[in-house]
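Take a look at the structure below.
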2 protein chains.
Amino acid sequence: MGATKTDHFTDKQNDIATLAKALGHPARVAILDYLLRVDACICGDIVNELPLAQATVSQHLRELKNAGLIKGSIEGNAICYCIDEKGFAKLQTYFNVVSTKMEKKKNKCC
Amino acid sequence: MGATKTDHFTDKQNDIATLAKALGHPARVAILDYLLRVDACICGDIVNELPLAQATVSQHLRELKNAGLIKGSIEGNAICYCIDEKGFAKLQTYFNVVSTKMEKKKNKCC
DNA sequence: TATCTTTATCGTAATATTGCAATATACAAT
DNA sequence: ATTGTATATTGCAATATTACGATAAAGATA
């Protein structure tokens, strides 16, 4: 016990949970903010933007990449990181469905 | 060390992270799915819907409530749980902002 | 080649999360 | 008052996450 019981839930539920979990840390939200603020891909500059050690930032970047929220490509010495629109699209779709369902429930709720 | 360095990030970043983290578990996604599927508030039926012990479900419900994604009101013997639209609205606003920013970056990216 | 820069990985400590049995609480109904 | 039902809390074990120093890997530059 202690480990999440992934196989008792649907793929969709696990998918959304994985994406949301990746977003569930302020450092990772900050990384995404930065990638969105600067109007291009970021090549080797992210560590200086965060109040965390290089190893920690690298770890957070890996988690964002694994979840599909960013993608990185090697560019000589540095690595260029980008928002991965696919991951965000999945979450956005989810919230659109949720919002549609909430509309329907209007006034039927406590 | 090991604890999240909350105070190094903005309130907004912490806010989004907290909400996303609450969504970051398949059981909690499943609870929200259920609340949205049934076209009303749920009074005392959630435990049976999930493949988890009652204590565990109660814990997940508390986390969703703390994050502001659901709300519960006591209804005699049972407790009625509802989607809390405010929490979802915050996340939806966030994703709308993100999507607007992504639009602007079109073709400027790797 | 030697060195610098950038990013990743390993090892490890501190903390948090997950899950459950047992128990407590709160109200219903008998 | 006692019993039954629904939910919460407590305590604990297993596992996961967070953070960082140290070190490795890979390309750039002198």
Side-chain angles (χ1 to χ4, degrees), chain A residues 1-9 13-14 17-31 34-35 41-67 69-82 110, chain B residues 1-9 13-14 17-31 34-35 41-67 69-82 110:
Chain A
M1 37 207 89
T4 297
K5 289 187 158 185
T6 312
D7 38 314
H8 291 319
F9 303 99
Q13 287 165 344
N14 282 311
T18 301
L19 284 161
K21 196 176 182 180
L23 205 65
H25 192 289
R28 295 195 286 268
V29 175
I31 289 172
Y34 184 55
L35 286 178
C41 298
I42 300 307
C43 301
D45 197 28
I46 295 178
V47 173
N48 305 317
E49 280 295 312
L50 292 178
L52 294 169
Q54 182 268 322
T56 309
V57 174
S58 181
Q59 212 170 233
H60 283 306
L61 286 168
R62 184 174 48 191
E63 277 185 64
L64 284 170
K65 202 163 66 176
N66 285 343
L69 288 171
I70 64 172
K71 48 190 172 179
S73 56
I74 298 163
E75 202 82 17
N77 201 4
I79 289 189
C80 292
Y81 278 110
C82 280
C110 37
Chain B
M1 37 208 86
T4 297
K5 289 187 157 183
T6 312
D7 38 314
H8 291 318
F9 302 100
Q13 287 166 345
N14 282 311
T18 302
L19 284 161
K21 196 174 182 179
L23 204 64
H25 191 289
R28 295 195 286 268
V29 175
I31 289 171
Y34 184 54
L35 286 177
C41 297
I42 300 308
C43 301
D45 196 27
I46 295 178
V47 174
N48 305 319
E49 279 295 311
L50 292 179
L52 295 169
Q54 182 267 325
T56 309
V57 174
S58 181
Q59 212 172 234
H60 284 305
L61 286 168
R62 183 171 50 187
E63 277 184 63
L64 285 171
K65 201 161 69 177
N66 286 343
L69 288 171
I70 64 172
K71 49 191 174 179
S73 57
I74 299 163
E75 202 81 15
N77 201 5
I79 289 189
C80 291
Y81 279 111
C82 280
C110 36

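None of these values were measured; they are calculated from a predicted model. Naming: A, B, ... by sequence-line order, numbering from 1 per chain.
- Residue B/Ala53 is classed as a sugar-phosphate contact, given heavy-atom separations below 4.0 Å to backbone atoms only.
- A/His60 has its side chain within reach of A/Leu52: a pair of non-hydrogen atoms, C-beta onward, lies under 4.5 Å apart.
- Between B/Asp45 and B/Tyr34 there is a side-chain heavy-atom pair separated by less than 4.5 Å.
- Closest to the side chain of A/His60, from the set D/dA19, D/dT9, C/dT18, is D/dA19.
- Across the strands present, C/dA28 finds no partner; the criterion is a Watson-Crick or G-U wobble pair with both atom distances under 3.5 angstrom.
- Within 90° of 0 lies the glycosidic angle of C/dA28, which makes this nucleotide syn.
- Look at B/Tyr81 and you won't find any side-chain N or O under 4.0 angstrom from OP1 or OP2 of D/dA6.
- Of the side-chain N and O atoms in B/Lys21, none sit less than 4.0 angstrom from OP1 or OP2 of C/dA16.
- Remark: P of D/dC20 and NE2 of B/His8 are 8 Å apart, rounded to the nearest angstrom.
- Listed here is the closest heavy atom pair of B/Val29 and B/Leu23: CG2-O, 3.3 Å.
- Nearer to the 5' terminus of DNA chain C, by closest-nucleotide assignment, is the contact made by A/Leu61 (compared with the other of A/Thr6 and A/Leu61).
- A donor-acceptor contact under 3.5 angstrom links the side-chain atoms of B/Gln54 to the base of D/dA8.
- Protein atom CG of B/Asn66 is 11 Å distant from nucleotide atom P of C/dT17, rounded to whole Å.
- Side-chain atoms of A/Glu63 lie closest to D/dT18 of the nucleotides D/dA22, D/dT18, D/dG21.
- Closest to the side chain of A/Ala55, from the set D/dC20, D/dT15, C/dA16, is D/dC20.
- Of the two residues near DNA chain C, B/Ala27 and A/Val47, the one whose nearest nucleotide lies more 5' is A/Val47.
- Going from atom CG of A/Leu52 over to atom C1' of D/dG21 covers 14 Å, rounded to whole Å.
- Considering every non-hydrogen atom in both B/Tyr81 and B/Leu35, the closest pair reads O-CD2, 3.4 Å.
- In this entry the distance linking CD1 of B/Ile46 with P of D/dA8 reads 9 Å, nearest Å.
- Atom CG of A/Leu64 and atom C1' of D/dT18 are 14 Å apart (whole Å).
- Among the nucleotides D/dT15, C/dA22, D/dT18, the one closest to the side chain of B/Thr4 is D/dT18.
- Put simply, the side chain of B/Ser58 never gets that close to the backbone of B/Gln54: no donor and acceptor are under 3.5 Å apart.
- Nucleotide D/dT3 has no partner under the Watson-Crick or G-U criteria, as no pair reaches both atom distances under 3.5 Å.
- The side chain of A/Ile79 has C/dA8 as its nearest neighbour among C/dA8, C/dA22, C/dG19.
- What you find for A/Glu63 and A/Ala22 is that their closest heavy atoms are O-CB, 4.4 Å.
- The side chain of A/His25 approaches D/dA19 more closely than any other nucleotide in the set D/dT9, C/dT18, D/dA19.
- Put simply, A/Thr56 has no side-chain N or O that comes within less than 4.0 Å of OP1 or OP2 on D/dT18.
- Donor-acceptor pairing under 3.5 Å, judged by distance alone, is present between the side chain of A/Gln59 and the base of D/dA19.
- Between D/dT7 and B/Arg62, no contact under 4.0 Å exists linking OP1 or OP2 to a side-chain N or O.
- Side-chain nitrogen and oxygen atoms of B/Ser58 include at least one within less than 4.0 Å of the OP1 or OP2 phosphate oxygen of D/dA8.
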